[in-house]
Every structure is written in structure tokens, then in C-alpha cells.
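As C-alpha cells, the structure follows; a few thoughts come after it.
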2 protein chains.
Amino acid sequence: MSAPEVPVRRQTRQRTAVLALLEELDGFRTAQDLHALLRERGDAVGLATVYRALQALVDDGLVDVLRSEDGEAAYRRCSPVHHHHLVCRSCGTTVEVADPPVERWAARVAAEHGFADVQHQLEVFGTCRACAQR
Amino acid sequence: MSAPEVPVRRQTRQRTAVLALLEELDGFRTAQDLHALLRERGDAVGLATVYRALQALVDDGLVDVLRSEDGEAAYRRCSPVHHHHLVCRSCGTTVEVADPPVERWAARVAAEHGFADVQHQLEVFGTCRACAQR
DNA sequence: CGCCTGTGTGAGAATGGTTCTCATGACCAC
DNA sequence: GTGGTCATGAGAACCATTCTCACACAGGCG
Ligand SMILES: [Mn+2]
Ligand SMILES: [Mn+2]
Ligand SMILES: [Zn+2]
Ligand SMILES: [Zn+2]
């Protein structure tokens, strides 16, 4: 075993801007979206830097990443405790949901088949009330 | 409403080869993998055709598609009834699992938040017994 | 059987999200 | 303040997937 990786994160204007933008948005946004939004409001950040900032935030557990159907990654500021998402297909609005039963179920099913180091991935998609009325 | 789309699927050597290969494999494979395997064993198929055949199989519900962490799509011959997967991160071996409780849970949580047209996506990842011993 | 025609095929180009390169900029511990 | 790392950004590179389009062929019909 080597010493635990402790990547020193410097606080820069760019990383602050990316996180601040995510804070005021709800719903998942792509890196390209965030890059365009930052450019519009004046405090521009390089596209590569947006990707690097998002990756750091994901590593630190501050942001969740979701793969859309066409393979594009979408990011969202998230609470640090394990949870899942109820996402509107139309407007992207997201609700965080906890699910104790599934946690137990996943562990049990995996154990029955001899699997170890179990993780799971659960997302629920639908149309929110606002979008359904439109 | 127009007439329901009934795409006529012609039976070709290429489509037969792709499906046959998926039949004898267990675990998810990428389109690139399948293309390379077909090339190795002699009955080559164009890469674009592999993608088209896989898409048709997905549309017909004969194959499930999964997005790996790096965004690459992986395909597997699957039973036609709704189910989820227990996948080995190391060797790709897959077990199909049913999960009635989660079906109900997803529907209930979505309804509580006013969401309609609900779908869900659930995958469990782990290390299978064989890979754990290695 | 052969024809005909709308599909399917494949080599290569194009697409587009993401990552890499590398010269330059700027945190921040000391 | 200074220095040594780490971060940044413009552009190139990467690479899975899709598109293009000329050509092949599955398969219904006569
Ligand atoms: Mn969970
Ligand atoms: Mn289910
Ligand atoms: Zn909505
Ligand atoms: Zn395994």
C-alpha cells in the first residue's frame, strides 16, 4: 500500500466559476452547456478546463455524472450521501431520492451469485408535472 | 396516428453472423469487439454494418445495450422480458436478474413527485467469484 | 426460375464529445 | 516576495459512432 492519494486542489477563478454555476442550476447539464453559459455571462473558462474541473468535482463526490442515451455526459451538483435521481426527460429537472430497499436488494442478489465489491446504478426517468401540462 | 412502423428486415449473411456471435457469447461486448471477432474468424462484416445490425436488434428487443463508464456502448443478447443485470467488472460475465420490488418502488416514487411516463435503469456491478480468486 | 426494386452493405470521410500537448499563467506554502 | 508546482487554454489529436454513396443482393412477383 502506498500513501493515500491526496491531490492538492488549488482554488482558482475557473474552478470557483464552474462550481458556482452548478450550485445555481438544478438538473443535469453537459460540459458543453456549462462552457457556453460561462462564456455568455462574461467569465469565460476554457473548454478543457471545464472538463478538468468537472472531473475533479466528481472525484471529490460533489457532483454526479450521468450518461445520456447518446453517450454525452451530464453533470449535477449533488448531496454527498448516496442517492439516486428522478429526472425529467423534457426539461432536465431532477429530484434526489433515497432508496434503502434497493440497497439491500442489490447486496443480497449479488451475494447469492457470489459477486463481491458490489456497486449499483439506478436512475428513474419520466415527465414532470410542468412538462406534462405543456 | 399513422400506421405502426413495420420495418421489413431482410435476412442477410451479416445480420445472421452478428446475432449468431452474440448468441454464443455471454457478457456485454462492444461493437468494435464484435467487429474484430467476426474479422478474425473469417466471415468479415463492415464496421458500419455491425453498428446497424446491433441497432436493429436493440429496436427489436433482442439485445440490451449498456453504456460503460467511458461512454462506449456494450451489447448483449437478452431475454425479451424486462430485467436487469449483475455484471462482473473484470470479465464481463452477466447474470440477468428480475426485481419486482424496484418496479413498484420506481412507479410509486415517480407518482409522488408528479412524474408520468416512467422508465428506470438499474445495473449492479461487482466482481464474480472466478475473478475474485485470481 | 430471372427481373425489378427497394434494402442492405462497406470503404472511407465526416462528426463531435472528450482528452492530450505544451507553452504560459498564477496559487500558495515557506 | 519567490519559487516550484500545479492549473490554464488554444489547438491538435483521439476515437467511437454516424454519414455518404456507389454497388450488391434479398426476395416478392410474373
Ligand atoms: Mn442505491
Ligand atoms: Mn426494472
Ligand atoms: Zn420537466
Ligand atoms: Zn468475472
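Order of the sequence lines fixes the chain letters, A, B, ..., with proteins taken first and strands second; residue numbering starts at 1 for each chain.
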How do Thr12(B) and Ala48(A) order along DNA chain D: which one's closest nucleotide is nearer the 5' end?
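Its nucleotide being nearer the 5' end, the pick is Ala48(A).
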Judged by each residue's nearest nucleotide on DNA chain D, which is more toward the 5′ side, Ala31(B) or Gly46(A)?
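Checking each residue's closest nucleotide, the 5'-ward one belongs to Gly46(A).
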Looking at [X], does any N or O in its side chain come under 4.0 Å of the phosphate oxygens OP1/OP2 on [N]?
{"X": "Gln11(B)", "N": "dA26(D)", "answer": "no"}
{"X": "Arg39(A)", "N": "dG9(D)", "answer": "no"}
{"X": "Tyr51(B)", "N": "dT18(D)", "answer": "no"}
{"X": "Arg15(A)", "N": "dT8(D)", "answer": "yes"}

How many whole angstroms separate atom [atom1] of [X] from atom [atom2] of [N]?
{"X": "Leu47(A)", "N": "dA13(D)", "atom1": "CG", "atom2": "C1'", "result": "14 Å"}
{"X": "Glu72(A)", "N": "dT18(D)", "atom1": "CD", "atom2": "P", "result": "14 Å"}
{"X": "Arg52(A)", "N": "dG9(D)", "atom1": "CZ", "atom2": "P", "result": "8 Å"}
{"X": "Arg13(B)", "N": "dG27(D)", "atom1": "CZ", "atom2": "C1'", "result": "18 Å"}
{"X": "Leu38(A)", "N": "dG9(D)", "atom1": "CG", "atom2": "P", "result": "10 Å"}
{"X": "Arg10(A)", "N": "dG4(D)", "atom1": "CZ", "atom2": "P", "result": "13 Å"}
{"X": "Arg9(B)", "N": "dG27(D)", "atom1": "CZ", "atom2": "P", "result": "13 Å"}
{"X": "Gln55(B)", "N": "dC19(D)", "atom1": "CD", "atom2": "P", "result": "11 Å"}

Taking the inter-plane angle between the rings of His82(B) and His120(B) on a 0 to 90° scale, is it parallel (under 30°), tilted (30 to 60°) or perpendicular (over 60°)?
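Ring orientation, 0 to 90° scale: perpendicular.
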Using salt bridge (Lys or Arg N to Asp or Glu O under 4.0 Å), reason through Glu123(B) and Arg67(A) one step at a time and then give a plain yes or no.
CA-CA 13 Å; Glu123(B) 308 297 336; Arg67(A) 290 263 166 200; over 6 Å; no
Taking atom CG of Asp99(A) and atom CZ of Arg104(A), what is their separation to the nearest 0.5 Å?
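It comes to 9.0 Å.
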What's the separation between atom CZ in Arg129(B) and atom SG in Cys88(B), rounded to the nearest 0.5 Å?
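Reported to 0.5 Å precision, the distance equals 12.0 Å.
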Describe the nucleic acid contact of Gln32(B) in one word from base, sugar-phosphate, nothing, applying a heavy-atom distance below 4.0 Å.
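Gln32(B): base contact, heavy atoms under 4.0 Å.
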Residues forming a salt bridge (Lys or Arg N to Asp or Glu O under 4.0 Å) with Glu96(A), sequence neighbours excluded:
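Expected list: Arg76(A).
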If I compare all heavy atoms of Thr49(A) with all of Gln14(A), which pair ends up nearest, and what's the gap?
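Of all heavy-atom pairs spanning Thr49(A) and Gln14(A), the closest is CG2-CB, 3.8 Å.
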Verdict with reasoning, His83(B) to Asp64(B), per side chain to side chain contact (heavy atoms under 4.5 Å, CB included):
CA-CA 10 Å; His83(B) 62 272; Asp64(B) 274 3; 3.3 Å; yes
Does anyone know the first and last nucleotide of DNA chain C in reach of chain A, 5' to 3', at under 4.0 angstrom to a heavy atom?
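Using the under 4.0 Å cut-off, the span is dG17(C) to dC28(C).
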